[in-house]
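All residue numbers refer to positions in the sequence shown, counting from 1.
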Amino acid sequence: MIHLLYTVIFAEMALILLLLFKTPLRKLIILTFDRIKRGRGPVVVKTIGTTLFVVLMSSLYSLLNIQRRSEDGAVLNPTDQVLASKHLLEASLMGFVLFLSLMIDRLHHYIRELRLLRKTMETAKKQNRGFEDGKNTSGEEVKALGEEIAALKAKNKKLESDSESKGKELKSAQAETEALRKQADGFLLEYDRLLEDNQNLKNQLDSIDQSPEGKKST
C-alpha cells in the first residue's frame with residue numbers, strides 16, 4: 001500500500017506542475033477534470049476520498065493505541081515499533097494524498113474561474129471597442145450633419161437675400177406700374193376732353209352752317 005501511496009503522490013505532484021505551467025497538456029487535463037466533475041464523477045471521487053480518510057483515521061487510531069501502551073509503562077517489542085512506524089508513514093502519506101487532491105481540485109477551480117474571467121474581459125473589451133467605434137462613427141456623422149446644416153443655413157440666407165432683392169424689385173415695378181397707370185388715366189381724361197372739345201367745335205360748325213347768315217353766304 002505504501003508503494004501505491006507514493007505512486008499517487010508523485011502522480012498528483014506531476015498534475016500540480018502541469019496545472020501550474022501553461023503547457024499543451026494543461027488544456028487536456030482541464031477538460032478531463034471537467035468531464036470527471038460531471039455526472040457520477042463527483043460521487044466516485046467523494047467515495048474514494050471518504051474511504052481514504054477512513055483508512056487514515058484507522059491508521060491514526062492504531063498508532064495511538066500503540067503509543068498508549070508505551071505510555072502505560074509497557075515495553076514495545078520490535079513488532080509494535082515496526083507497526084507504529086508503518087502506521088505513521090501510511091497516515092502521513094494518506095494525509096499528503098488528501099492534501100494534494102484538495103490542491104488539485106482548487107487549482108482546477110481557479111483555472112476555470114480565470115479562464116471565464118479572461119473570456120468576460122475579452123468580451124467586455126470587444127464591446128468597448130465596438131462602442132468606441134460606434135462613438136467615433138456617430139461623431140463623424142454628427143460632424144457631417146453639422147457641415148450639411150451649415151451649408152443649408154448659408155443657402156437659406158442666400159435665398160432670403162435673393163428673395164428680399166426680388167421683393168424690392170417687385171415693389172419698384174409695382175410703383176412704376178402704378179405711375180404708368182395714373183399717367184394712362186391722365187391721358188385718357190385728356191383724350192376724352194379733346195374728343196369733347198372736338199365734338200363741341202363740330203357742333204358749333206354745324207350750327208353756323210345751318211344759320212341764315214351761313215346760308216346767305218353760301
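There is no path of hydrophobic side-chain contacts, each under 4.5 Å, that joins L64 to L93. The hydrophobic clustering, which links ILVMFWY residues whose side-chain heavy atoms are closer than 4.5 Å, places F21 and I16 together. In the hydrophobic clustering of ILVMFWY residues, with side-chain heavy atoms under 4.5 Å counting as a link, L205 and L194 come out apart. Cluster membership for I9 and L17, using ILVMFWY side-chain heavy atoms within less than 4.5 angstrom, is shared. L25 and Y110 fall into different hydrophobic clusters, defined by Ile, Leu, Val, Met, Phe, Trp and Tyr side-chain heavy atoms under 4.5 Å apart, directly or through other members.
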Go through the steps to decide whether L117 and E113 satisfy the test side-chain contact (heavy atoms from CB on, under 4.5 Å), and finish with yes or no. CA-CA 6 Å; L117 182 61; E113 291 293 329; over 6 Å; no
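Atom CD1 of I30 sits about 10.5 Å away from atom CG of L18, to the nearest 0.5 Å. For the atom pair CG (L15) and CZ (R26), the distance works out to 13.0 Å, reported to the nearest 0.5 Å. Note: K158 NZ to D162 CG = 6.5 Å, rounded to the nearest 0.5 Å. Summarising the geometry, atom CZ belonging to R118 is positioned 4.0 Å from atom CG belonging to L114; distances are rounded to the nearest 0.5 Å. Annotation: the span from M121 atom CE to L116 atom CG amounts to 13.0 Å, rounded to 0.5 Å.
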Anything under 3.5 Å between a donor and an acceptor, one on a side chain of residues 101-108, the other on a protein residue two or more places apart or in another chain? List them.
residue : atom : partner : partner atom : Å
S101    : OG   : E12     : OE2          : 2.7
S101    : OG   : V97     : O            : 2.8
D105    : OD1  : K37     : NZ           : 2.9
H108    : ND1  : K37     : NZ           : 2.9
H108    : NE2  : D34     : OD1          : 2.8

Show the atom names and distances, to 0.1 Å, of all donor-acceptor pairs under 3.5 Å that link a side chain in residues 45-62 to residues at least two apart or in another chain.
residue : atom : partner : partner atom : Å
T47     : OG1  : V43     : O            : 2.7
T50     : OG1  : K46     : O            : 2.7
T51     : OG1  : T47     : O            : 2.8
S59     : OG   : V55     : O            : 3.1
S62     : OG   : S58     : O            : 3.1

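Here N156 pairs with E160 under the side-chain contact (heavy atoms from CB on, under 4.5 Å) rule; sequence neighbours left out.
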